[in-house]
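Remarks on the structure that follows.
Protein chains get the first letters and strands the later ones, always in sequence-line order, with residue 1 at the start of each. Only a predicted model underlies this, so the values are computations on that prediction, with no experimental measurement involved.
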Protein chains: 2
Amino acid sequence: MNIYDVSRRAGVSIATVSRVLNGNPNVSEKTRTKVLTVMDELGYTPNVFARGLGLGTMKTIGIMCSDSSDPYLANAIYHLERQLRSHGYDSLLCCTGPSLENKRIYFELLLSKRVDAVILAGSKFVELIDKNNDYLIEAAKEIPIMLVNGFLDAPGIYSTVCNDYQAMYGAASLLIGSGRRNILYLYTSHSYSGLNKVEGYKNALTDHNLPVRREYIHQCPKDLTESRKLLEKLDGLGLKFDAVMTSDDSLAVGAVKYAHKKNIRLPQQLAVIGYNNSILSYCTNPEISSIDTKVEQLCTTTVDTLMRVFDGGSVTAKTVISAEFIQKQTTNFSI
Amino acid sequence: MNIYDVSRRAGVSIATVSRVLNGNPNVSEKTRTKVLTVMDELGYTPNVFARGLGLGTMKTIGIMCSDSSDPYLANAIYHLERQLRSHGYDSLLCCTGPSLENKRIYFELLLSKRVDAVILAGSKFVELIDKNNDYLIEAAKEIPIMLVNGFLDAPGIYSTVCNDYQAMYGAASLLIGSGRRNILYLYTSHSYSGLNKVEGYKNALTDHNLPVRREYIHQCPKDLTESRKLLEKLDGLGLKFDAVMTSDDSLAVGAVKYAHKKNIRLPQQLAVIGYNNSILSYCTNPEISSIDTKVEQLCTTTVDTLMRVFDGGSVTAKTVISAEFIQKQTTNFSI
DNA sequence: CATGGTTCTGTAAGCGCTTACATTCTCATA
DNA sequence: TATGAGAATGTAAGCGCTTACAGAACCATG
């Protein structure tokens, strides 16, 4: 069944049917009602491919991420999808996995699907954004590129980020204020947000006249066991630390595990601060203080911005969302 | 740029270009090479809409789920997407949220996008599958409908499920075998798998000559705090229990929290078993024994089955994946 | 060299929609 | 009643591809 069937039965031309389909105001109320009735009777659904051909768009947004099963990204994708749908857009999901190679290939693939925009979710696209970003910039001339937790200054590229620097600065200051002097910092990767986080940590130390020591800053795979082992290793090397800050909750969970294993009291002997305030930070005992990066707000803002771009409105290239420190037990010194 | 540009430059007809595009064998090697070279030179990408119009498909699969941020579903979606892509299919994600109303609306929406198949991921579609399933059955006449952790016997509908019954039966038997007599069972919902799980629990009791008692079976929202509170309440009511089995890890985490709060030793005084063996079950101390439902295998099988359906091969309507009990500390009685 | 079977290529008719432009209708105004 | 602006509708030409069918080219055979 197609537009001709509807037009025939409604006694109008296909142009009129199409107008009704597209909400064109140049249709008399009587005709519109008639056509809609017939469509309903026939159970007619317009063919999206034909529509796409004619309009050049199918109202679909590509969402790219490295690993959608990561709790943080999973949450982001959920909110992005729902938000986009509420605006009548579909979401084409594309998980690249860890391979950098894939990121570029899949990006091109997404473009070839003629999506109306691409959202790069998560800060794992740093290599793609910072280096060899020529094709990103090129693509942005055609369609909007939205970065969630990433930044690249180029026309057609819009960013929504969290104020990671301030968040980490604040959290570190809090620890220092409560007397901690040997604060370990564990991070998963030097992504866009990753760099801001570590800067926040370093500057907080400096501003409080504490030394920034190399041996207190370590990279660690995003894994509970790995981070636990790393702490055990550092401990074994004789490093003294009374607090652990992390760029991700999973590392903080590892820190709590380490403390359990070594019978270290939390937070008295060791304070722990996670990042993202994911469900993981609520699973441990004691629960881990963490930084709520407002994923939902981040996603809502991203989609709102995108819609404004589509509408041709004026849009700022970078929007910053304020994180919030969530005080839980691993920094509750009043116990 | 379109197929005409390519054909002109390559000195062939558009039909030949189209043949090359579609891997039609009736093209001489020389011509094929020539056309491919020109495509490369021009950076030509076929228009997917036109292609969709001509072929009637765009190689896109709809993935529906209630909440993609749930760790279990997030994992499933990740694997489904990657698996589908490896077969050259795109994934159109559709999160319905909790509303049942939405599930139906979104399902229709997905169909109207002319997807080649729909995958219903997760057992949250039970209302949709068990009742008012007329339109599901109707849709399955047009395109394959794949159920992940759900079952409906109708032509065109294919299921991949986990042997939840056996898994739960085995886990309960294990507890009974180690002397537990008062085993609590907490579940989030009576979904397809939910029903099988509780049956496994009940039958294990019965087969070991233990009574199945109503007051030992409780529904609970999928939430750490809720399950903790529920246990506290039951405890307060004087109910005695020496083990907790759950239909989801999050409930089991709540059980561990309860034990911590009440200074109950795990597993000596209380054994705990989760479900899905998600990252949550590794976060607590002690770590929670759980049932690995082999999400990746579930997803791979689902996609493989779908591909076989597309290829017109013979396909069984229901494939069962074997879960595996993962022994961790909350049931390690040898300590 | 004619013949017929293959293999390869081209022509043209869709696929179902959008939309510029042309046409018809409506109706207030002169 | 004639008139012309504006609203409503129709006609037809795409959009870029696939593919049935026709036709050309090639080649081994008698």
Side-chain angles (χ1 to χ4, degrees), chain A residues 1-39 42-60 88 90 109 111-116 142-143 310, chain B residues 1-39 42-60 88 90 109 111-116 142-143 310:
Chain A
M1 167 182 0
N2 57 30
I3 204 171
Y4 285 92
D5 299 312
V6 177
S7 79
R8 208 172 306 128
R9 177 129 172 200
V12 298
S13 74
I14 59 163
T16 299
V17 177
S18 176
R19 286 194 189 94
V20 172
L21 232 36
N22 293 286
N24 186 313
N26 284 345
V27 179
S28 72
E29 206 41 47
K30 215 175 77 184
T31 313
R32 159 168 282 109
T33 313
K34 175 68 184 163
V35 171
L36 287 175
T37 310
V38 170
M39 283 180 177
L42 262 47
Y44 165 78
T45 314
N47 181 306
V48 283
F49 304 139
R51 209 133 189 240
L53 229 203
L55 291 169
T57 159
M58 241 172 81
K59 294 201 93 178
T60 301
D90 281 320
L109 196 67
L111 290 186
S112 79
K113 298 298 175 189
R114 301 283 209 274
V115 292
D116 299 308
E142 304 296 326
I143 56 169
F310 283 153
Chain B
M1 169 179 1
N2 58 29
I3 203 171
Y4 285 92
D5 299 312
V6 177
S7 79
R8 209 172 306 129
R9 176 128 173 199
V12 298
S13 74
I14 59 162
T16 301
V17 177
S18 177
R19 286 193 189 97
V20 172
L21 232 36
N22 293 286
N24 187 313
N26 284 345
V27 179
S28 72
E29 206 40 47
K30 214 175 76 182
T31 313
R32 159 169 281 110
T33 312
K34 176 68 185 162
V35 170
L36 287 175
T37 309
V38 170
M39 283 180 177
L42 263 47
Y44 166 77
T45 316
N47 181 307
V48 283
F49 303 139
R51 209 136 190 238
L53 229 202
L55 292 168
T57 158
M58 241 172 81
K59 294 201 91 175
T60 302
D90 282 318
L109 196 68
L111 290 186
S112 79
K113 298 297 173 187
R114 300 284 210 273
V115 292
D116 300 308
E142 304 295 327
I143 55 170
F310 283 152

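Evaluation of the salt bridge (charged side-chain N to carboxylate O under 4.0 Å, His left out) rule for Arg32(B) yields no partner, not counting sequence neighbours. Under the rule for a side-chain hydrogen bond (donor to acceptor under 3.5 Å, both in side chains), Arg114(B) has no partner lying at least two apart in sequence or in another chain. Remark: Lys113(B) pairs with Asp90(A) by the salt bridge (charged side-chain N to carboxylate O under 4.0 Å, His left out) rule, at least two apart or across chains. By the ring-ring contact (aromatic ring centres under 6.0 Å, His included) test, Tyr44(A) is found to be paired with no residue, residues two or more places apart in sequence or in another chain being considered. A search for side-chain hydrogen bond (donor to acceptor under 3.5 Å, both in side chains) contacts involving Ser18(B) returns Asn22(B), not counting sequence neighbours. Residues meeting the side chain to side chain contact (heavy atoms under 4.5 Å, CB included) test with Leu109(A), sequence neighbours left out: Tyr106(A), Ser112(A), Arg85(B). Thr57(A) pairs by the side-chain hydrogen bond (donor to acceptor under 3.5 Å, both in side chains) definition with Asp116(A), not counting sequence neighbours. Applying the side-chain hydrogen bond (donor to acceptor under 3.5 Å, both in side chains) rule to Ser28(B) yields the partners Thr31(B); only residues at least two apart in sequence or on another chain are considered.
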Query - Where protein sits on nucleotides 14-22 of chain D, one letter per nucleotide: B base, S sugar-phosphate only, - none, heavy atoms under 4.0 Å - result: -BBBBBB--
Atom pairs, protein N/O to nucleotides 4-7 of chain C N/O, distance under 3.5 Å:
none

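Considering every non-hydrogen atom in both Leu21(A) and Arg51(A), the closest pair reads O-NH2, 3.4 Å.
Each end of the helix from dC1(C)-dG30(D) to dA30(C)-dT1(D) gets its own axis from five base pairs, and the two axes differ in direction by 50°, given to 10 degrees.
The salt bridge (Lys or Arg N to Asp or Glu O under 4.0 Å) analysis of residues 3-27 of chain A, with sequence neighbours excluded, yields the pairs Asp5(A)-Arg8(A), Arg9(A)-Glu41(A).
Contact annotation: Ser28(A) side-chain N/O to dA7(D) OP1/OP2 distance is not under 4.0 Å.
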